Amino acid sequence: MSATTQITLRTAVVLPFVMIFIITIGVIIAVQKNSYEEMVVDISDKQLSSLTDNVNLELSKFLNEPFQASLALSHSIGFNQLYQLGDTKAIENYFLTSFSHLYQSIPQLDVIGFGGEGAEYVGFRKEPNNGYTLMVQDETTQQKLVIYRGQHVGQDIRSVIEGYDPRIRPWYAPVAKSLKPMWSSIYANADERQEITLSALTPVFYDQDFQGVVVTDVKIDTFNSFLSSQQKQTNAVIYIVDDKQRLVAHSTGGSVVSWGTPLSDKGERLLATESANPIVKANAEYSLSHNFYSQGEIQRFSQDIENERYFNHFTPFIDEHGLKWYIGVAISESDLLGKLPESQRDSWILGMTASLIGIALGLFAFNRIVAPITSTAAAAKHLAKGDWDSHMPKPGNIYETTMLVYAFNEMANNLKASFRALRSQLLYDSLTNLYSREGLIDTCDKMPNLNGSLLLLGIDKFRDINDSLGHYKGDQLLVIISQRLTSLFSDDHYIARIGGDEFAIYSPQEQSEEELLLAASRIKQMFASPFIMDQESIVVKVSIGIVESGPDFNMTLWLRNGSIALSNAKQEIANISFYRPEMADISRKRTLMVSKIQDAIERKEFIPFYQPLVDLNSGEVIGAEALARWLSPSSGLVPPLEFIPIAEESGLIGAIGEQILLQACNDTVEGMREGKWDKDFHMHVNLSVNQLSQPDFISTLQRILATSTLEPNNLTLEITESRIVDNDPVTIKNMQAIRDLGVHIAIDDFGTGYSSLAYLHKLPFDCLKIDRTFVEKLSPQDLDTSIVAAIVNMTRGMKVSLVAEGIETSDQAKLLNQLNCPQGQGFLYSRPVPYGEWPTDLVNMK
C-alpha cells in the first residue's frame with residue numbers, strides 16, 4: 001500500500017474534537033443540575049424555615065391568648081373568692097362581663113367555664129350571632145346542667161343534661177390531680193353540640209385550698225381557619241399533629257374527625273396518615289416510617305407526590321403547659337420556584353440533544369479510525385484461545401494503525417513459536433523429563449482407543465525421605481527412580497510423573513492379570529535393593545495400583561481409578577491392588593461418610609455409652625469406660641466400626657474424642673451429684689493418638705476439667721498400646737503432662753502391641769488393660785501358664801492397677817479372680833448403655 005493513500009493519526013483525531021464539545025455540554029449540564037439542586041435545597045430550606053418559624057410564632061400567640069384569659073379568670077375568682085358552694089351567680093356575672101368586654105376580640109376563644117369541687121358548673125359559650133349561651137349547674141338547677149338560649153337565666157331553655165359531673169371531665173380531673181395550669185387533651189364537649197375541643201385549664205385556690213378549675217375552650221375548627229390563612233399567603237400546605245400522630249388541624253380544609261368510629265357519638269380524630277389530602281397523608285407516612293416523632297428535632301426531606309416534588313419541614317412544637325405537637329409544612333417545587341424548573345428541564349433537553357448529535361458524529365469518525373485496531377483485538381482473542389490458524393488483521397488507511405497491525409502480526413508469529421516451546425514444557429516433567437500428568441492425558445486421549453492397562457506407583461512415606469535427606473536429594477532420588485523405570489519398560493510404554501511421589505506407566509497393549517502382576521513384581525523387585533546416594537543407603541518402599549481397563553478416550557478417569565487402586569494398595573499386605581468398580585463405590589461412600597461425620601460433629605450427635613468397671617474381688621462397681629457412639633437422627637445408632645476407622649483416617653477422631661471427653665466429664669459430675677456414683681468413681685475415656693500428639697491437647701484437657709468441674713483424680717485417659725510405640729516426643733511429653741495434672745493414664749489393649757518391661761518403664765501410666773483376646777483363651781487346664789497370668793505376675797511389682805477386658809462368662813471371672821486380677825469389665829456385667837439407662841442394680845456382683 002502506497003503512502004499517498006494514508007493519513008496521519010493526528011489528522012484522523014481532528015474529528016473526535018466534536019466529542020470534546022459534547023463532553024463539555026454534558027459537564028455544563030451536570031454542573032448546572034448540581035447547582036440547581038443546591039439552589040433549590042437552599043431556597044426551600046430558607047422558605048420553609050421562615051414559614052415554620054412564622055407558624056410557630058403565630059400558633060404560640062394563637063394559644064397564648066386563651067391560656068392567659070384562663071389564668072386571669074382563675075386569679076380573679078380566687079382573689080375575690082367568687083365561688084360559693086352550691087351558688088355560681090357571682091362567677092356567672094363575672095364571666096359575662098369578662099367575655100363581652102375583655103375577651104370578645106379573641107376569635108378562637110369559644111367557651112369560658114368554671115367547675116367547682118361541689119360539682120357545680122357555670123360557663124358561657126360564644127354563638128355565631130356574637131351572643132352568648134349560658135350553661136349552669138348548681139343548687140338553683142337541682143344539680144342538672146341547664147343550657148339556656150340566651151345569656152341569662154330564663155324560661156327559654158335549649159337543653160337539660162342530667163348526671164353531669166364536671167369533676168370527672170377531661171378538662172377538670174388532670175388539674176385536680178396536678179394542681180397546675182395545663183392544656184387538656186383534645187376531647188368532645190358534653191353539651192348538645194359535642195364539638196371537638198382543646199381547653200386551657202387553670203386551678204382556683206382560696207388560701208392554698210383547691211376550689212375548682214377555670215376552663216377556656218378553643219374549638220379545633222378554629223385551628224383550620226388559622227392555618228388556611230397562612231396557606232393563602234405562601235401556597236404551602238400546613239398541618240399540625242399531636243404525639244399520637246392524630247391530626248389537630250390542617251390548612252387544606254375538611255374535618256379532622258372520622259365519622260366512622262364514635263367518640264361520644266361524635267367521631268374519632270383522624271390519624272395524619274388517614275388524611276384525605278394526599279400531601280398531608282404522604283408526609284405523615286414518611287414521618288412515621290422514619291421515626292421522626294421520637295427524635296424531637298427539625299427534620300427536612302423531599303418527596304415526589306402526584307408527579308411533583310415537594311419540600312418538607314417537620315418541626316416539634318412544645319408548649320410550656322404540656323402541649324407536644326408537630327408542625328408539618330410542605331411546598332411544591334413549582335410554587336417555590338415558579339417557571340424556573342420548566343426552564344431548567346428545557347435546557348437539559350437541549351443540551352442532551354446537542355450531545356447526542358455530537359456523539360453520533362464522533363462514533364462515525366471513531367469507527368473509521370479504530371477498525372484496524374478492533375480487527376487486531378479480535379485476532380488476539382483467537383490467539384488467546386489457542387486458535388493459531390485464525391486470520392491476521394489487515395492494516396487500514398492510517399499510518400499509525402498500519403504500523404500497529406504489522407507489529408502485531410510479527411508478534412503473533414513469535415508467540416506461536418514460544419507457545420510450542422511452552423507446550424513442550426507443560427507436557428513433560430521438568431525434573432525427570434518423563435511425561436507430566438497433563439502430557440500423559442493429552443497424549444493418550446489422542447489415541448484411537450484406550451484398551452491397554454495402567455500401573456500407578458506411589459512411594460510410601462516420601463515426605464519422611466524429604467524431611468530426613470532434604471528436598472534436593474529427594475529430587476535426585478526421583479530422577480534415579482524415573483531412570484530405572486524407563487530402563488525397566490520398553491519404548492511402547494508411556495511413563496509419566498503425575499505427582500510429587502507418584503508415577504504412571506500406561507501400556508497400550510492388553511495384558512492378562514498374571515502379566516500385570518508380573519510387571520508389578522518387577523517394579524517392587526527394582527526397589528528391593530537400597531538406593532545409594534552420597535554413600536548413604538536409602539530404602540524405598542512402594543505401593544502399586546493397577547487398572548486393567550477403563551473408559552475409552554479418557555485418561556483422566558483412568559488416573560482417577562488408578563489413584564483409588566493405589567490408595568487401596570497402601571492398605572494391603574502385598575502393597576499391590578487391582579482396581580475394581582466397587583472400590584469407587586467404597587471411595588464415594590467413604591467420602592460421603594466423612595461429610596456425614598463432619599455434620600454429626602457440628603450437631604453434637606456423638607454421645608458416650610458407659611460400660612462398668614468392676615472390682616472382681618468384692619463385686620463393687622468402681623468406674624466405667626466411656627465408649628463413643630453415634631446416634632444419628634436419620635440412621636439411628638451407627639456401629640462404631642462404620643465410623644471410627646474413617647474418623648481416624650480423616651483426622652476427625654480428635655473432634656469426636658473431645659466431645660465424648662467433655663460429655664463424660666459432665667456426666668461423671670452429674671452422677672456423683674445424684675448419688676448414682678460415689679466420690680471415688682473412675683471415668684475411663686479413650687484418647688486417640690491424634691489427640692495425644694497435638695501440642696495444645698493439655699490446654700484443651702484443662703479447659704474441659706474446668707468447664708465440667710470434675711476432679712482430675714476421677715478421670716482416666718485410655719491410650720491404645722500399639723499407637724504409642726513410635727516413641728513420639730510430643731506424645732510422651734503430653735502423657736507426662738496429663739499425669740502432672742492429676743489425671744490417670746491407662747494402657748489399653750495391653751499385650752497386642754510390642755510390650756516389654758523396658759518399654760513400659762519409659763511410659764508414664766497408672767493402669768494396664770488386658771486385651772479381650774487373652775481373656776477369651778483362659779481355661780482351667782493352662783491357667784498358670786496363660787498370658788493373663790504372665791501379665792499379672794509381670795505387673796505385680798509395679799504400682800499400677802490391672803483391668804481385664806471382655807469378660808462374658810462367670811467362669812472367666814472366677815479364673816481371673818484365681819489369678820488375683822483385681823478389676824474387670826465385659827458383657828457379663830453390662831453392655832455399654834447411655835447415661836440415662838445406667839442400671840441401678842450394679843452393686844455386689846461377685
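Bear in mind the structure is a predicted one, so any value in this text is a computation, not a measurement. Below, all heavy atoms of this structure are taken into account, side chains as well, without hydrogens, waters or symmetry copies.
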Return the [atom1] to [atom2] distance between [X] and [Y], rounded to the nearest 0.5 Å.
{"X": "L559", "Y": "Y506", "atom1": "CG", "atom2": "OH", "result": "11.0 Å"}
{"X": "H682", "Y": "N713", "atom1": "NE2", "atom2": "CG", "result": "5.0 Å"}
{"X": "C767", "Y": "L613", "atom1": "SG", "atom2": "CG", "result": "8.0 Å"}
{"X": "L768", "Y": "I745", "atom1": "CG", "atom2": "CD1", "result": "12.0 Å"}
{"X": "I523", "Y": "S543", "atom1": "CD1", "atom2": "OG", "result": "11.5 Å"}
{"X": "L478", "Y": "I480", "atom1": "CG", "atom2": "CD1", "result": "9.5 Å"}

Just checking [X]: does its [atom1] atom have more than 12 heavy atoms from other residues, nucleotides or ligands closer to it than 6.0 angstrom?
{"X": "R796", "atom1": "CZ", "answer": "yes"}
{"X": "K570", "atom1": "NZ", "answer": "yes"}
{"X": "E674", "atom1": "CD", "answer": "yes"}
{"X": "R463", "atom1": "CZ", "answer": "no"}
{"X": "Y494", "atom1": "OH", "answer": "no"}

Do the non-hydrogen side-chain atoms of [X] and [Y] ever get within less than 4.5 Å of each other?
{"X": "Y835", "Y": "K676", "answer": "yes"}
{"X": "F681", "Y": "I622", "answer": "no"}
{"X": "K524", "Y": "I544", "answer": "yes"}
{"X": "I498", "Y": "L456", "answer": "yes"}

Is any side-chain N of the basic residue among E548 and R580 closer than 4.0 Å to the acidic one's carboxylate O?
-> yes

Please determine if R703 and E658 form a salt bridge, counting it only when a charged side-chain N lies under 4.0 Å from a carboxylate O.
->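 Yes, charged N to carboxylate O under 4.0 Å.
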
query: If you take all heavy atoms of M672 and N714, which pair is closest and at what distance?
result: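 Result for this residue pair: SD-ND2, 4.1 Å.
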
### Least distance between heavy atoms, W630 atom then A600 atom
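Taking every non-hydrogen atom into account, NE1-CB, 3.5 Å.
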
Do any N or O atoms from the side chain of [X] and from the backbone of [Y] form a donor-acceptor pair under 3.5 angstrom?
{"X": "R497", "Y": "G499", "value": "yes"}
{"X": "R629", "Y": "P640", "value": "no"}
{"X": "E805", "Y": "G826", "value": "no"}
{"X": "E837", "Y": "P834", "value": "no"}

With no hydrogens and no angle check, just 3.5 Å: does a side-chain donor-acceptor pair link [X] and [Y]?
{"X": "N686", "Y": "E625", "value": "yes"}
{"X": "T773", "Y": "D771", "value": "yes"}
{"X": "Q511", "Y": "S453", "value": "yes"}
{"X": "K769", "Y": "Q825", "value": "yes"}
{"X": "S699", "Y": "D696", "value": "no"}
{"X": "D667", "Y": "Q663", "value": "yes"}

* Face-on cation placement of R560 at Y579 ring, 6.0 Å and 45° thresholds -> no

I'd like a table of donor-acceptor pairs (distance under 3.5 Å, sequence neighbours excluded) in which one partner is a side-chain atom from residues 470-477, with atom names and distances.
{"unit_1": "K473", "atom_1": "NZ", "unit_2": "E536", "atom_2": "OE2", "d": "3.1"}

